[in-house]
Amino acid sequence: MTRSLHQFIRDYMASRRICKNRLVTKDGHCNIEYGNVRYSSRFAYMLDLWTTFVEIRWRFIILFFVASFTLSWFIFGLIWYWIAHDNGDLWWQNPPSDHKPCIYNVFGLTTAFLYSLETQMTIGYGLRVLSPFCPGAVALIIIQTIIGLLISCFWCGLIMAKIALPKKRAKTITFSKMAVICPKNGALCLQIRVANLRKTLMIGSQIYGKLLRTTITPEGETIILDQVNVDFMVDAGKDNLFFICPLTLYHVIDKTSPFFKLAVDTLLQQEFELVVFLDATDESTSSSCQVRSSYIPQEIKWGHRFLPIISRNKEGKYRVDFSNFARIEPVPTAHCAHCFYNGQSHHYPKHGIDNQGFEAIEINEVTATEM
């Protein structure tokens with residue numbers, strides 16, 4: 001029990017360390033931090049106020065939503081209170097019986113706030129009514145109505161834009177947690193899987209990859225996050241994928257591939273990150289979205305392939321079995337790309353433990369003699 005608990009803690013800490021070291025998480029978020037940003041650059045967020053509000057979290061949206069309406073009601077309530085005070089409408093000013101108020105039934109700050117709320121939200125209880133004896137009050141009610149309409153339109157559009165963000169559609173597109181390297185169509189290929197969990201099509205789907213690694217130039221310059229293009233394709237090509245069912249995408253590991261020098265025993269020693277992008281347009285909303293995921297050497301299985309996922313039932317309908325979406329099985333594969341194209345020995349995945357002390361000896365046949 002104690003050993004299993006320690007193993008669980010070690011595995012959890014290792015996964016946390018891997019998550020912190022990768023640039024793009026499995027769900028597509030970028031793990032990057034900006035430092036020493038000048039105040040003038042931060043002020044640019046306020047200049048692009050609409051994008052700033054669309055990108056902030058819902059808790060802040062609700063906070064600013066409540067604050068904007070409450071503050072506007074209170075500010076205009078103070079103005080209505082000042083108009084009533086200037087006209088002598090307040091109860092402690094003891095207005096005469098023949099007094100003509102600007103606003104009926106506004107006797108203090110509380111009633112002025114209530115009148116501001118009812119005016120801006122067009123509630124109209126009928127207790128507090130504007131009189132025609134104060135031209136300034138008539139102008140103020142026009143201004144407050146217009147400002148209240150603008151605030152309502154702003155928040156209505158913002159909430160609709162935030163709900164309809166394309167990245168919400170990207171939540172229903174998923175990549176396999178593992179990538180595999182195995183033979184396919186006479187070539188050594190790196191394969192991944194991607195699935196659209198909705199039945200609506202993604203139009204104009206294009207997928208591509210970027211290999212991120214640290215390189216050193218011949219001049220001695222160290223380039224962090226050097227990007228190398230990695231092309232993915234299906235059997236029909238790499239452009240305008242027919243994304244109606246889960247697809248197995250592959251990258252051919254040839255002499256032009258950045259993975260050509262990898263081998264099964266050196267894969268885990270490498271430090272790189274393969275970021276995969278899927279750009280598409282949703283058929284229902286016509287909104288473009290991008291889905292991202294990444295793979296590190298520990299998430300690439302050499303000598304494995306994905307299990308079949310599409311079948312056909314007795315009625316002739318195609319069926320997708322998502323239980324096999326991320327399942328893999330071992331398959332004979334060359335030790336490296338160079339060995340594969342030169343027809344050398346294959347690598348067979350191991351399922352046991354090597355006995356380092358085992359030694360093979362030769363046994364000579366002994367001819368039995370008759371007694």
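Since the structure is predicted, the reported quantities are computational estimates derived from the model, not experimental observations. Numbering of residues begins at 1 and proceeds along the displayed sequence.
- Under the 3.5 Å distance criterion, the side-chain polar atoms of Trp92 are left unmatched by any main-chain donor or acceptor of Phe107.
- Panel note: side chain Thr281, backbone Ser286; no donor-acceptor pair is recorded below 3.5 Å.
- Note on ring orientation: taking the six-membered ring where Trp is involved, the planes of Phe74 and Phe113 are tilted (angle from 30° to 60°).
- Salt-bridge formation is not detected for the pair Arg213/Glu271: no Lys NZ or Arg NE/NH1/NH2 atom is positioned less than 4.0 Å from an Asp or Glu carboxylate oxygen.
- Ser176 and Lys26 make their closest contact through O-NZ, 4.1 Å (heavy atoms, listed as atom of the first residue, atom of the second, distance).
- In summary, Glu329 and Arg305 engage in a salt bridge, as defined by a charged side-chain N under 4.0 Å from a carboxylate O.
- Side-chain contact annotation: Gln206 with Asp279, donor-acceptor N/O pair under 3.5 Å absent.
- Note that CD1 of Ile123 is 4.5 Å distant from OH of Tyr125, once rounded to the nearest 0.5 Å.
- A donor-acceptor pair is defined here as one N or O able to donate and one able to accept, closer than 3.5 Å; no such pair exists between the side chain of Gln227 and the backbone of Leu211.
- At distances below 3.5 Å, at least one donor-acceptor pair connects side-chain atoms of Ser294 with backbone N or O atoms of Val24.
- Note: the hydrophobic cluster containing Leu197 does not contain Leu201 (ILVMFWY, side chain heavy atoms under 4.5 Å, direct or indirect links).
- The hydrophobic cluster containing Ile309 does not contain Phe243, counting ILVMFWY residues as joined when their side-chain heavy atoms lie under 4.5 angstrom apart, directly or transitively.
- A donor-acceptor pair is defined here as one N or O able to donate and one able to accept, closer than 3.5 Å; no such pair exists between the side chain of Thr51 and the backbone of Asp48.
- Salt-bridge check for Glu299 with Arg22: passed, with a basic side-chain N closer than 4.0 Å to an acidic carboxylate O.
- Between His251 and Phe259, the distance from one ring center to the other falls under 6.0 angstrom.
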- For the pair Gln290 and Leu278, evaluate side chain to side chain contact (heavy atoms under 4.5 Å, CB included) and give the outcome as yes or no after the intermediate values. CA-CA 6 Å; Gln290 183 183 85; Leu278 174 65; over 6 Å; no
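- Not one N or O on the side chain of Gln269 forms a donor-acceptor pair closer than 3.5 Å with the backbone of Thr266.
- Residues Phe340 and Ile181 fall within the same hydrophobic cluster, defined by Ile, Leu, Val, Met, Phe, Trp and Tyr side chains chained together at heavy-atom separations under 4.5 Å.
- Both tests hold for Arg312 against Tyr318: distance to the six-membered ring centre under 6.0 Å, angle to the ring axis within 45°.
- Without hydrogens or angle criteria, Asp226 side chain to Thr215 main chain gives no donor-acceptor distance under 3.5 Å.
- Of the possible polar contacts, one joining the Lys162 side chain to the Val54 backbone as a donor-acceptor pair under 3.5 Å is found.
- Relative to the ring axis of Tyr295, Lys177 does not place its NZ or CZ within 45° and under 6.0 Å from the centre.
- Between the side chain of Asn87 and the main chain of Ile83, no donor-acceptor pair closer than 3.5 Å is present.
- Proximity of a side-chain donor or acceptor of Thr70 to a complementary backbone N or O of Ala67 within less than 3.5 Å is not detected.
- A side-chain donor from one of His338 and Asn342 sits under 3.5 Å from a side-chain acceptor of the other.
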Listed pairs under 3.5 Å, donor-acceptor, residues 132-158 side chains, sequence neighbours left out:
residue	atom	partner	partner atom	Å
Gln144	OE1	Trp80	NE1	2.9
Gln144	NE2	Ser116	O	3.0
Gln144	NE2	Ser116	OG	2.9
Gln144	NE2	Gln120	OE1	3.4
Thr145	OG1	Ile141	O	2.6
Ser152	OG	Gly148	O	3.0
Trp155	NE1	Ser68	OG	2.9

